[in-house]
Amino acid sequence: MHRLGGGLPANILERIRMRRDQAEPMPGRAEQAGVLVASYNVHKCVGTDGKFDPERTGRVIHEIDADVIALQEADKRFGDRTGLLDLTRLEREAGLTAVPIPGQLKAHGWHGNVVLFRRGSVRDVHQVKLPGLEPRGAVIAEIELEAGGIVRIVAAHFGLLRRSRTRQVRAILDIMNDRRETPTLLMGDLNEWRLNDRSALAMFETAFGELPPAVPSFPSRLPLLALDRLISNRKDILSPVVAHDTPLARLASDHLPIKAWVNLSPAQSVPVGDKLRAA
């Protein structure tokens, strides 16, 4: 459970509010080329009304209508980590298939991280344990999408402690720096509310340049903190990130989903020489 304890500096609150107020509506499929990707901390399917309701969570996932979506907290945290969603129903009604996680019998994902995708095939998948005091992990999936080409998804949920997040950023950087020619998206609840140089996420800028603007997504009923992030190693493929802010989404979890369009066409047409230099 996240806490807002201690308050936030007024300048950071003002920056977040300005970004929230200036957000523009996301273009629909008819106006935008590419595939829609999203990240959503489902809060173990417990809504802001305190009710455990996996069916409601599924309806939010369905209304997002993403081609690829990374979920966090989709499994029980302790014990056998049983999955909480009806994946069969999601596949039937939303056309979304879960990336298979080897060795997981009852869990949907890895440390609660689940990747769902529409119409395509999984070329590669790995589970990564992230360093830190809390048990945290990431799912890395390379997916070939019928709608848009090949993309690598790094779906992660970072820790609550800044020291742990710093170590986790370094681990993810090692992954994202490998085979730079592959378009890679880091998606998840990165648990970092700071927007200044003290942010653990600032280390990503040394490798990928300026990060996409922070989009407030927590708490869902009055979003102030940009805990959920979507970062690409290729700036030319990613549209502006926006929150999926609907009445149902505000109720179903304490986080709003975030989403963006990804056009993989530029990434697929990188000159061979550039690929060799990046390898």
Side-chain angles (χ1 to χ4, degrees), residues 35-42 66-75 98-102 104 108-117 120-132 134-145 148-159 164-192 199-209 211-212 214-215 217 226-235 237-238 241 255 257-262 264 267 278-279:
V35 296
L36 185 64
V37 300
S39 178
Y40 185 25
N41 184 329
V42 301
D67 297 289
V68 180
I69 183 167
L71 307 178
Q72 303 86 52
E73 298 191 17
D75 298 327
V99 169
I101 303 299
Q104 302 301 298
H108 293 332
W110 173 246
H111 288 280
N113 295 291
V114 176
V115 178
L116 304 171
F117 68 100
S121 59
V122 179
R123 293 165 45 124
D124 198 12
V125 61
H126 298 281
Q127 304 124 278
V128 176
K129 288 185 178 180
L130 294 177
E134 308 164 85
R136 299 283 177 169
V139 172
I140 306 166
E142 194 166 293
I143 305 171
E144 186 168 3
L145 296 166
I150 300 170
V151 63
R152 179 190 294 146
I153 302 297
V154 181
H157 191 181
F158 284 4
S164 295
R165 289 196 297 275
T166 299
R167 296 175 62 194
Q168 289 156 6
V169 168
R170 292 194 184 105
I172 296 297
L173 274 173
D174 289 341
I175 295 167
M176 294 185 73
N177 278 326
D178 180 42
R179 292 173 58 198
R180 289 284 298 276
E181 77 277 10
T182 303
T184 302
L185 303 174
L186 167 62
M187 301 193 291
D189 177 2
L190 304 189
N191 261 321
E192 180 61 87
S199 167
L201 306 186
M203 292 188 295
F204 283 125
E205 296 187 356
T206 62
F208 308 117
L211 301 183
V215 177
S217 58
L227 301 185
D228 304 279
R229 302 299 289 265
L230 204 166
I231 300 169
S232 173
N233 68 339
R234 292 284 303 273
K235 286 185 176 298
I237 67 174
L238 189 65
V241 180
H255 286 248
I258 60 171
K259 57 188 180 181
W261 288 100
V262 175
L264 296 172

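Quick note: residue numbers are just sequence positions, from 1.
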Asker: Using the test side chain to side chain contact (heavy atoms under 4.5 Å, CB included), find all partners of Glu205 that sit at least two apart in sequence or belong to another chain.
Answerer: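 Checked Glu205 against side chain to side chain contact (heavy atoms under 4.5 Å, CB included); matches are Leu211.
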Asker: Taking NZ in Lys235 as the centre, count heavy atoms belonging to other residues, nucleotides or ligands within less than 6.0 Å. Is the count above 12?
Answerer: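 Count over threshold, so yes.
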Asker: To the nearest 0.5 angstrom, please state how far the NE2 atom of His111 sits from the NZ atom of Lys129.
Answerer: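 Output value for this atom pair is 6.0 Å.
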Asker: Do Leu230 and Pro212 have side-chain heavy atoms sitting under 4.5 Å apart?
Answerer: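 SC-SC contact between Leu230 and Pro212 ruled out.
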Asker: Compare all side-chain heavy atoms of Val139 with those of Val114 and state whether any distance is below 4.5 angstrom.
Answerer: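 No; the side chains remain at least 4.5 Å from each other.
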Asker: Could you pull out the closest heavy-atom pair between Gln72 and Gly188, with the gap in Å?
Answerer: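 What the structure gives for the nearest pair is NE2-CA, 3.4 Å.
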Asker: Any side-chain heavy-atom pair from Phe117 and Ile153 closer than 4.5 angstrom?
Answerer: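 A side-chain contact under 4.5 Å is absent here.
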Asker: What verdict does the side chain to side chain contact (heavy atoms under 4.5 Å, CB included) test give for Val37 and Val151, after you've listed the backbone C-alpha separation in whole Å, the side-chain angles of each residue and the deciding distance to 0.1 Å?
Answerer: CA-CA 11 Å; Val37 300; Val151 63; over 6 Å; no
Asker: Which distance, rounded to the nearest 0.5 Å, do you find between the CD of Glu73 and the CG of Asn41?
Answerer: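 Here the interatomic distance stands at 4.0 Å.
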Asker: In the structure I gave you, are the side-chain heavy atoms of Val262 and Ser232 within less than 4.5 Å of one another anywhere?
Answerer: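 Result no, sub-4.5 Å side-chain heavy-atom pair not found.
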Asker: Quick one: side-chain hydrogen bond (donor to acceptor under 3.5 Å, both in side chains) partners of Asp228, sequence neighbours excluded?
Answerer: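 For Asp228, the residues satisfying side-chain hydrogen bond (donor to acceptor under 3.5 Å, both in side chains) (neighbours in sequence not counted) are Ser217, His255.
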Asker: Just by distance, with hydrogens left out, do His157 and Asp189 show a side-chain donor and acceptor under 3.5 Å apart?
Answerer: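 Yes, a side-chain donor-acceptor pair sits under 3.5 Å.
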Asker: Within a strict 4.5 Å, meaning less than it, do heavy atoms of the Tyr40 and Lys259 side chains meet?
Answerer: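 Contact flag for Tyr40/Lys259 side chains = no.
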Asker: Roughly how far apart are Arg123 CZ and Ile143 CD1, rounded to 0.5 Å?
Answerer: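 Between atom CZ of Arg123 and atom CD1 of Ile143 there are 11.0 Å.
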Asker: Please find the pair of heavy atoms, one from Ser199 and one from Glu192, that lie closest to each other, and give the distance.
Answerer: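 Distance-wise, the nearest heavy atoms are OG-CG, 3.2 Å.
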Asker: Excluding sequence neighbours, so at least two apart, what forms side-chain hydrogen bond (donor to acceptor under 3.5 Å, both in side chains) with Glu134?
Answerer: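 Partners of Glu134 under the side-chain hydrogen bond (donor to acceptor under 3.5 Å, both in side chains) test: Arg136.
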Asker: For the pair Arg165 (side chain) and Gly159 (backbone), establish whether a donor and an acceptor sit closer than 3.5 Å, ignoring hydrogens and angles.
Answerer: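 Judged by distance alone, yes, a pair lies under 3.5 Å.
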Asker: Measure across Ala260 and Leu36 and return the closest heavy-atom pair with its distance rounded to 0.1 Å.
Answerer: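 Nearest heavy atoms, Ala260 then Leu36: O-CD1, 3.4 Å.
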Asker: Would you name the heavy atoms of Val125 and Pro102 that are closest together and state the gap between them?
Answerer: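 Val125 and Pro102 have their closest heavy atoms at CG1-CD, 4.3 Å.
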Asker: Measure the CG-OG distance between Leu71 and Ser39 for me, rounded to the nearest 0.5 Å.
Answerer: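 Reported value, rounded in 0.5 Å steps: 8.0 Å.
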Asker: Using the test salt bridge (Lys or Arg N to Asp or Glu O under 4.0 Å), find all partners of Arg229 that sit at least two apart in sequence or belong to another chain.
Answerer: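 So Arg229 forms no salt bridge (Lys or Arg N to Asp or Glu O under 4.0 Å) with any residue.
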Asker: If I compare all heavy atoms of Ala155 with all of Ala70, which pair ends up nearest, and what's the gap?
Answerer: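 Residues Ala155 and Ala70, closest heavy atoms: CB-CB, 3.8 Å.
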Asker: For Glu142, is there any backbone N or O sitting under 3.5 Å from a side-chain donor or acceptor partner on Asp124?
Answerer: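 Not at all, since once roles are kept as given, no pair shorter than 3.5 Å links the two residues.
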Asker: So how far is it from Ile150 CD1 to Glu144 CD, rounded to the nearest 0.5 Å?
Answerer: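 One finds 4.5 Å between CD1 of Ile150 and CD of Glu144.
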Asker: Per the side chain to side chain contact (heavy atoms under 4.5 Å, CB included) rule, which among Asn113, Val128, Thr184 passes with Ile140?
Answerer: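 Going through Asn113, Val128, Thr184 one by one, the side chain to side chain contact (heavy atoms under 4.5 Å, CB included) with Ile140 is satisfied by Val128 alone.
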Asker: Using the side chain to side chain contact (heavy atoms under 4.5 Å, CB included) criterion, which residues pair with Thr166? Sequence neighbours excluded.
Answerer: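 Counting only residues at least two positions away or on another chain, Thr166 forms a side chain to side chain contact (heavy atoms under 4.5 Å, CB included) with Arg162, Arg170, Ala200, Met203.
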Asker: In Å and rounded to the nearest 0.5 Å, what is the CZ to CG distance from Phe158 to Leu227?
Answerer: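 Nearest 0.5 Å value for the CZ-CG distance: 12.5 Å.
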Asker: Is the shortest side-chain heavy-atom distance between Asn233 and Thr182 below 4.5 Å?
Answerer: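 Heavy-atom side-chain distance check fails, nothing below 4.5 Å.
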Asker: List the atom of Gly109, the atom of Ile101, and the distance in Å for their closest heavy-atom pair.
Answerer: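 Minimum heavy-atom separation between Gly109 and Ile101: CA-CG1, 3.8 Å.
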Asker: What residues, two or more places apart in sequence or in another chain, satisfy side chain to side chain contact (heavy atoms under 4.5 Å, CB included) together with Pro131?
Answerer: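 Listed in chain order: Arg167, Gln168, Ala171.
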